[in-house]
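If you're wondering where the values come from, they're calculated on a predicted model, not measured in any experiment. Below, chains carry the letters A, B, ... as their sequence lines are ordered, and counting in each starts from 1.
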Protein chains: 2
Amino acid sequence: MFKLLNMSSTPTDDRTTKARIRDAAIECVATYGVAATTVRKVAEAADVAPGSVIHHFGSMEELRFACDTYIAASIREYKRSAIAQGSGVDLTAAIQNSDIGSMGGYLAQVLAEDSPTVAKLVDDLVGDAEVYMEQAVETGMARPTDDPRGRAAILMLWSLGALVMHKHMQRLLGFDITDPESAASPALGAYAAPAYEILGEGIFTPSFSDKAREAFSAMSEKDRDDKK
Amino acid sequence: MFKLLNMSSTPTDDRTTKARIRDAAIECVATYGVAATTVRKVAEAADVAPGSVIHHFGSMEELRFACDTYIAASIREYKRSAIAQGSGVDLTAAIQNSDIGSMGGYLAQVLAEDSPTVAKLVDDLVGDAEVYMEQAVETGMARPTDDPRGRAAILMLWSLGALVMHKHMQRLLGFDITDPESAASPALGAYAAPAYEILGEGIFTPSFSDKAREAFSAMSEKDRDDKK
DNA sequence: CGCCGGATTGAACAAGTGTTTAAACTACTG
DNA sequence: CAGTAGTTTAAACACTTGTTCAATCCGGCG
């Protein structure tokens, strides 16, 4: 009998049993995925009997819900404090600075499933990104756009999508976005440099960009005409 | 007892039983995910006995492998024909034009798991994207870059990540990227327009972009100095 | 026809799932 | 000290999982 997951338990672990179970579940989801997160695996990782897991949360589904809620609350809490001290509202920063080590891994796993709690969190993040971009436009950092919400949504979908794809990114660029230590990694540049280049100046030449825009508006005009 | 999945079976279905089982499995994965794709669900969808599934593929894992391989081959085949007739090498186009209706949904599900077959496919797609971008630079469509591979990798990670996030995109923008009919949908613009705006001119103003670039190179220089 | 080999079936199997339950234990109160 | 309410446990439950297996079906060949 050996522990599969070594929870970073301090010499004297003063967390309640319920909290220990919740944390073990989060770590298990982050490491093995939701499908592989069973009552017995969580129980073993939290060092309790399987029955205790159900006793504290009622059912496995409620445990999952509790984990989603806890992670969502943790992210919202971080964003609030980040705004209060004036630093940027960056999701990757939230992942790095969280006291929940496996937050990135957990998000990467649950973003692909459809949980209403996670869906609500994503919606909120898009809303936050929109107001943040709005401010960036006002301070001259970001370009204005016809579709602020659409732009914010796509930026968030790309960011979170990259999080879900972290194993592929690790393989392609040597950089694991879910690793809390990754911010200090020299491989950070392998992701950040090209990403900021794309977000800074785009990938298309201005001449092609203009042509594409014309074709686009022509297409949507044709679409309107067809509708008549 | 009713069929959960209605395979688009022609009046006279001339596919072999093995092919029917494989197609049913792909559709089941696309709709319900890999964890929910069980022997009995596949058997029911393919209208065969559970034993037949194992008889033809040896095990459930080998069936999954066969599905991955089949999808990967189908995408590579499409790309080859697309290049041959000179049209663009666009992944979303491959999803739309494939004769496998649920290819997009299947990819969205398996990109989050770690399958060596899918990993190899992603690596190939990045490689293809790199040479495609290289040609776009030569023809004056795309800007040159210091890190062609990094740029291609990130563009692919963002695109595929958005595919995995398709349910969130559907909710946020009303556009489902996995739907084969989506290319004809008027909601296409809700995704394509802001996406092309970002890829065309970026999101940052030139002045901020310059400052960020300076900060970036200063940071990596400092990183080099610290290493000494 | 008689036969044979692959395809197909449905019943079994062991292992793993979430959940229930009764018993034991623990800590705190009257 | 006795009692009690909340924890915790291990064993059982019903169910689903992938897989095995003997029996049956079916098409082609001698």
| request: Indicate whether the side chain of A/Asp147 and that of A/Thr145 have a donor and an acceptor atom separated by less than 3.5 Å. | output: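 The criterion, which ignores hydrogens and geometry beyond distance, is not satisfied for A/Thr145 and A/Asp147.
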| Under 3.5 Å side-chain donor-acceptor pair for A/Ser74 and A/Glu77 |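 No, no side-chain donor-acceptor pair sits under 3.5 Å.
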Nearest-Å distance for atom pair [atom1]/[atom2], residues [X] and [N]:
X: A/Phe57; N: C/dG18; atom1: CZ; atom2: P; value: 15 Å
X: B/Met60; N: D/dT19; atom1: CE; atom2: C1'; value: 12 Å
X: B/Ile54; N: D/dA22; atom1: CD1; atom2: P; value: 17 Å
X: B/Asp47; N: C/dT8; atom1: CG; atom2: C1'; value: 12 Å
X: B/Glu44; N: C/dT9; atom1: CD; atom2: P; value: 13 Å
X: A/Glu62; N: C/dG18; atom1: CD; atom2: C1'; value: 13 Å

| task | Answer yes or no: does a side-chain N or O of B/Ser52 lie under 4.0 Å from OP1 or OP2 of C/dA7? | result |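 Negative; the distance criterion is not met.
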| Short side-chain N/O contact from A/Thr17 to OP1 or OP2 of D/dT7, under 4.0 Å |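 For A/Thr17, the contact criterion (side-chain N or O under 4.0 Å from OP1 or OP2 of D/dT7) is not met.
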| request: Determine whether any donor atom in the side chain of A/Arg40 lies under 3.5 Å from an acceptor atom in the base of C/dG16, or the reverse, and answer yes or no. | output: no
Let's see if you can work this out: which of [options] has an atom nearest to the side-chain heavy atoms of [X]?
X: B/His55; options: D/dT8, D/dT19, C/dT8; result: C/dT8
X: B/Val39; options: D/dT9, C/dT17, D/dT19; result: D/dT19
X: B/Thr38; options: D/dT9, D/dT17, D/dA12; result: D/dT17

| Which part of the nucleic acid does A/His56 contact within heavy-atom distance under 4.0 Å: base, sugar-phosphate only, or nothing? | sugar-phosphate
| field | Atom pair OH/CD1 of B/Tyr70 and B/Ile100 - distance to nearest 0.5 Å | value |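 Going from the OH atom of B/Tyr70 to the CD1 atom of B/Ile100 covers 4.5 Å.
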| query | For B/Ile95, does its backbone N or O pair with a side-chain atom of B/Ser98 as donor and acceptor, under 3.5 Å? | reply | no
